[in-house]
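Throughout, protein chains are lettered first and strands after them, A, B, ... in sequence-line order, and every chain is numbered starting at 1. Values below: every heavy atom of this structure, side chains too, minus hydrogens, waters and symmetry copies.
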Amino acid sequence: MNVPDKPSLEGLEARWGEWWEASGTYRFDRTKTREQIFSIDTPPPTASGSLHLGSVESYTHTDLMARFQRMRGNEVFYPMGWDDNGLATERRVQNYFGVRCDPSLPHDPHFDVATLERPDDDPVPVSRANFIDLCARLTAEDEKAFENLFRLLGLSVDWSHTYTTIGAASRRASQRGFLRLFHRGLAYTADAPTMWDVDFKTAVAQAEIEDREIDGEYHRVAFDREDGGDPVEIETSRPELLPACVALVANPTDARYRSLVGSTVLTPLFRVPVPVVAHELADPEKGTGIAMICTFGDVTDVTWWRALRLPTRVVVRRDGTLAPGRFGEPGWDSRDAAAANATMAELAGKGAKQARRRIVELLGDAGSLRGAPEKIRHPVKFYENGDRPLEVIASRQWFVKTLDFRDALLARGRELRWHPAFMGARYASWVEGLNQDWAISRQRYFGVPFPVWYPLDGAGEPRYDQPIVPDEASLPVDPQDAAPPGFSNEQRGLPGGFIGDPDVMDTWATSSLTPQIAAGWEDDPDLFGRLFPMDLRPQAHDIIRTWLFYTVFRAHLEHDSVPWTDAAISGFVLDPDRKKMSKSKGNVVVPTEVFERHNADAVRYWAASARLGYDAAIDEQQIKVGRRLAIKILNASKFVLTMESPAGDITEPVDLAMLATLRGVVHEATTAFEDYEHAKTLDVVERFFWGFTDDYLELVKQRTYGARGPAGAASAVGALREALDVLLRLFAPFLPYVTKEVWSWWREGSVHRSHWPTPGELAVADGGDPETYEVAAQALGAVRKQKALAKVSLKVPVLRVTARDAAERLAKLRLAEADLCGAGSIQAIVYEDSAEPSIEVELAPREQT
RNA sequence: GGGCGCUUAGCUCAGCUGGAAGAGCGUCGCCCUUACAAGGCGAAGGUCGGGGGUUCGAGCCCCUCAGCGCCCACCA
């Protein structure tokens, strides 16, 4: 026994953090079988910048389950990954170092970012290889900082099991996964209209798109009819796409336009003859009921373009600016090509906004505008990280067949156990709303390259229909460095030779394989067999449609199974005013600052008191409550463990009653934890604990000092230690530092490797009756209350307590009489049978104090 | 437009299969009590969003309305 005189929370993190690392408390034992293992698909945090307080919350939630499972005797596989692959990192590197990637530059082996000169403050172009080096360098620094924070938080991660999403194992798994989809015909390349971000200059997938309400204007534009009838008026918010107009469309049931269908009209300014067509997607209620179809203004245009087999006239370039006119060329008919091209010259090079402003002026001058523009607010699609609306641009991309699997993926979603259950609905609504195959290629640099080359024909043109892929054994491969099978690098770029696919994969193409990557898919089949499918995917709700969905999708395709059986979905952390935290609002609470002000157990307490699936506000008061609880555990433990412990059994009814009550708490706490209701577990344990210190400790204190002889003391101290032993283990997942500290005073090994309490181990409480504990605590509370109301010290004697209650409850109270009198300085207790329970307290007159 | 969640004390939230309204914080008051004053004890405070209904009995079940938040949607 080694109890300090003045227990304190100071320094616990450092001491036990080091001890856990040195002793390997959380090291995973890979000799265990699948049945003995609880495996967690830890979210790899984005290694760019600083961690969010929401991460602190949700990673704590995961750690609670990890610790609970470990204490239940499961071998917990709890790895850590770093998501350093992707656009977030690229952006951060660009800003941090003031560079931009220019893939046309050769690799500079002597490149040193420290000596970088930045005239005019413009980003300095660097080669792809140098850029990737910078990405790796910056993410390594971030990952170190993240690890330190997570260690401080007390995550019971096995830090020897880490991966990065740009590491060799991740690249190998991503490329292997791609190749297998490719060989099955599930991954295909196509030159097709795709959502495109004009700033990042890359394709984006449906899952990365979000709607934003922005200001716009409806312009009413008149098209002349070729037959000379009244002009046809349409409304558009994007008049700059007029040169890309390929048809007008009305609903086939719309009587106003039925006679026009099949006729030809001329686009204003450009005088391009376009047909009037009919399609049921045209909404008679919108605008004038007839719309222009452009290639491409939005995804509806794509639908119409496909369904109606319309021609293609693209005017928006990949950087978002308009192209010069090509009227007069094949496919670019115009009744006045020279004028059309002159108009285009006014617009060429301008972005959408500027081109819009100019074309409205031109339309006005030409008399084609009807009325004043109508100001509107309307939802427009944006890339989730982007600043300008997405364009729809045709380009060659890799896709994974997704739409064919909608029903199967809905079934997989039902197969999962969702915590909370209603989160399953979000998944389902996403899957039901899928409308495009997954675009997995990105025109970026810091990512996993496609393991693909294309042969060049005699004219040096790539044959995209004949992609060359490597053997799985050669992965990972970078087609920009390596030559494909049957070629040598001298043939790169030459007619008859080859080129490498320049694109990288969507970051989710890698992240969707985190269970496989962490479990050693194909690289370590033995380990994989012990871990996959995993047990738990913890994550936040904002990435259900991306990370969760894609992971389910990949496991379905590759393993014909779910990737895990349970999904635990955390909510968000809001600022103290319940507003979403965001950098632009300046209300972000930085985790490192929180840890400067509060100890780790206290922060965990706050996180643990939030349920899964519901947003929680950052509440420093609640953190302080956690700190108080931790201090209380120290002090109460000190009291329990410094009592002399004479030989003897636990025999006193009050002691047995307390333990019987605790047994019920163990049952309730365990059931809640099994149901992923960690907040409820904490609540019932904490509630019992405060009663334990306020009531039970006070009740038996005199007895522990020997007031009623050695047998009475032995019973009390025995019960106190039994309860403390159980309570420390119940608190261990929540407050790992303080429980470890107390455990070290009197127990061998780690509380975190001890077993989770069971009702069965409290068999000693079999003779106990929880109600005895309850009535005794109530009576003591009544005495305390009267003394507080009388504004006197708790030491003031009580002449008489009159307890009125049902006979059987009074009988139970009698069992605690001696302890009660000692704790309350009560001289006599009178019992009266009554149907109306009450406790009357007669204090001694003041002069007696 | 469709879906989900929420609405209980000033604040943050519990209230399990319907059985006499709860906790913490904040406020106020009291107490140096040999585990704990960077403590402890106690008090005040609620027409459980509105309106119907089922029931002996509704915070909980059903219908309906409203507000807030989120997800999804082909948004010309």
Atom [atom1] of [X] and atom [atom2] of [N]: how far apart are they, to the nearest Å?
X: A/Lys795; N: B/rC30; atom1: NZ; atom2: C1'; value: 15 Å
X: A/Arg377; N: B/rA76; atom1: CZ; atom2: P; value: 14 Å
X: A/Lys791; N: B/rG40; atom1: NZ; atom2: P; value: 21 Å
X: A/His541; N: B/rC71; atom1: NE2; atom2: P; value: 7 Å
X: A/Asn251; N: B/rC74; atom1: CG; atom2: P; value: 18 Å
X: A/Tyr605; N: B/rC25; atom1: OH; atom2: P; value: 9 Å
X: A/Met423; N: B/rG69; atom1: CE; atom2: P; value: 17 Å
X: A/Arg545; N: B/rC4; atom1: CZ; atom2: C1'; value: 16 Å

Basic-acidic side-chain contact under 4.0 Å: [X], [Y]:
X: A/Asp683; Y: A/Arg687; result: yes
X: A/Arg784; Y: A/Asp695; result: yes
X: A/Asp655; Y: A/Arg703; result: yes

Contacts table for residues 421-428 of chain A: side-chain donor-acceptor under 3.5 angstrom, sequence neighbours left out:
from	atom 1	to	atom 2	distance (Å)
A/Arg426	NH1	A/His541	ND1	3.3
A/Tyr427	OH	A/Leu409	O	2.8

With rounding to the closest Å, how many angstrom separate the [atom1] atoms on [N] and [M]?
N: B/rA44; M: B/rC56; atom1: P; result: 36 Å
N: B/rC32; M: B/rC41; atom1: C1'; result: 13 Å
N: B/rA21; M: B/rG3; atom1: C1'; result: 33 Å
N: B/rG24; M: B/rC60; atom1: P; result: 25 Å
N: B/rU55; M: B/rU47; atom1: P; result: 28 Å
N: B/rA23; M: B/rA14; atom1: C1'; result: 7 Å
N: B/rC63; M: B/rC72; atom1: C1'; result: 26 Å
N: B/rC31; M: B/rG69; atom1: C1'; result: 45 Å

If you compare every side-chain N and O of [X] against the phosphate oxygens of [N] (OP1, OP2), does one of them come in below 4.0 Å?
X: A/Lys785; N: B/rA43; answer: yes
X: A/Asn635; N: B/rG39; answer: no
X: A/Tyr614; N: B/rC6; answer: yes
X: A/Gln206; N: B/rA73; answer: yes
X: A/Arg426; N: B/rC4; answer: no

Mind checking if [X] touches a base, just sugar-phosphate, or nothing, with heavy atoms under 4.0 Å?
X: A/Ile631; result: nothing
X: A/Thr236; result: sugar-phosphate
X: A/Ala636; result: base
X: A/Gly433; result: sugar-phosphate
X: A/Tyr218; result: sugar-phosphate
X: A/Ala610; result: nothing

Taking A/Arg545 for the side chain and A/Ala207 for the main chain, is one N or O donor matched with an acceptor at less than 3.5 Å?
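Checked: pair present.
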
Which word best sums up how the rings of A/Phe553 and A/Phe549 line up, parallel for under 30°, tilted for 30 to 60°, or perpendicular for over 60°?
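Geometry flag for A/Phe549 against A/Phe553: parallel rings.
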
For residues 237-248 of chain A, pull every pair meeting side-chain hydrogen bond (donor to acceptor under 3.5 Å, both in side chains), keeping only residues two or more places apart or in separate chains.
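Pairs touching residues 237-248 of chain A that pass the test: A/Arg238-A/Glu240, A/Arg238-A/Glu391, A/Glu240-A/Arg356.
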
Return yes if a side-chain donor-acceptor contact under 3.5 Å exists between A/Ser838 and A/Arg804, otherwise no.
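Present: a donor and an acceptor within the cut-off.
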
Among the nucleotides B/rG15, B/rA76, B/rC25, which one has an atom lying closest to any side-chain atom of A/Arg628?
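Between B/rG15, B/rA76, B/rC25, the one nearest the side chain of A/Arg628 would be B/rC25.
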
Nucleotide nearest A/Ser793 (side chain, heavy atoms from C-beta), chosen from B/rC31, B/rC74, B/rA76
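The closest nucleotide is B/rC31.
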
Not counting sequence neighbours, which residues clear side chain to side chain contact (heavy atoms under 4.5 Å, CB included) with A/Leu281? List them please.
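A/Leu281: side chain to side chain contact (heavy atoms under 4.5 Å, CB included) contacts with A/His279, A/Thr300, A/Thr303, A/Trp304.
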
Is there any protein nitrogen or oxygen under 3.5 Å from a nitrogen or oxygen in nucleotides 8-10 of chain B, and what are the pairs?
none

Looking at A/Asp5 and A/Pro7, what are the two nearest heavy atoms and their distance?
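What the structure gives for the nearest pair is O-CD, 3.4 Å.
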
Give a yes or no on whether the ring-centroid distance for A/Tyr696 and A/Phe639 is below 6.0 angstrom.
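No - the distance between ring centres of A/Tyr696 and A/Phe639 does not fall below the 6.0 Å cut-off.
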
Between A/Asp542 and A/Glu10, who's closer to the 5' end of RNA chain B by nearest nucleotide?
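Result of the comparison: A/Glu10.
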
Given that A/Phe422 and A/Ala617 both sit by RNA chain B, which one's nearest nucleotide is further toward the 5' end?
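So the residue in question is A/Phe422.
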
When Watson-Crick pairs (N1 to N3 and N6-O4 or O6-N4) and G-U wobble pairs (N1-O2 and O6-N3) count only below 3.5 Å on both distances, what is the dot-bracket string of RNA chain B, with | for other-strand pairs?
(((((((..((((.....[..)))).(((((.......))))).....(((((..]....))))))))))))....

Chi angles and distances behind the side-chain contact (heavy atoms from CB on, under 4.5 Å) call for A/Val265, A/Val274
CA-CA 6 Å; A/Val265 297; A/Val274 297; 3.6 Å; yes

Under the criterion ring-ring contact (aromatic ring centres under 6.0 Å, His included), which of A/Phe689, A/Tyr737, A/Phe688 is the partner of A/Phe731?
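Going through the options one by one, the only one that passes is A/Phe689.
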
Strictly below 4.0 Å, heavy-atom distances to any atom of RNA chain B: list the hits from residues 682-703 of chain A, or just say none.
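The answer is A/Arg687, A/Trp690, A/Thr693, A/Asp694, A/Leu697, A/Glu698, A/Lys701.
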
Supply the atom-to-atom distance A/Gln206 CD to A/Thr546 OG1, rounded to the nearest 0.5 angstrom.
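Interatomic distance, A/Gln206 CD to A/Thr546 OG1, rounded to 0.5 Å: 12.0 Å.
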
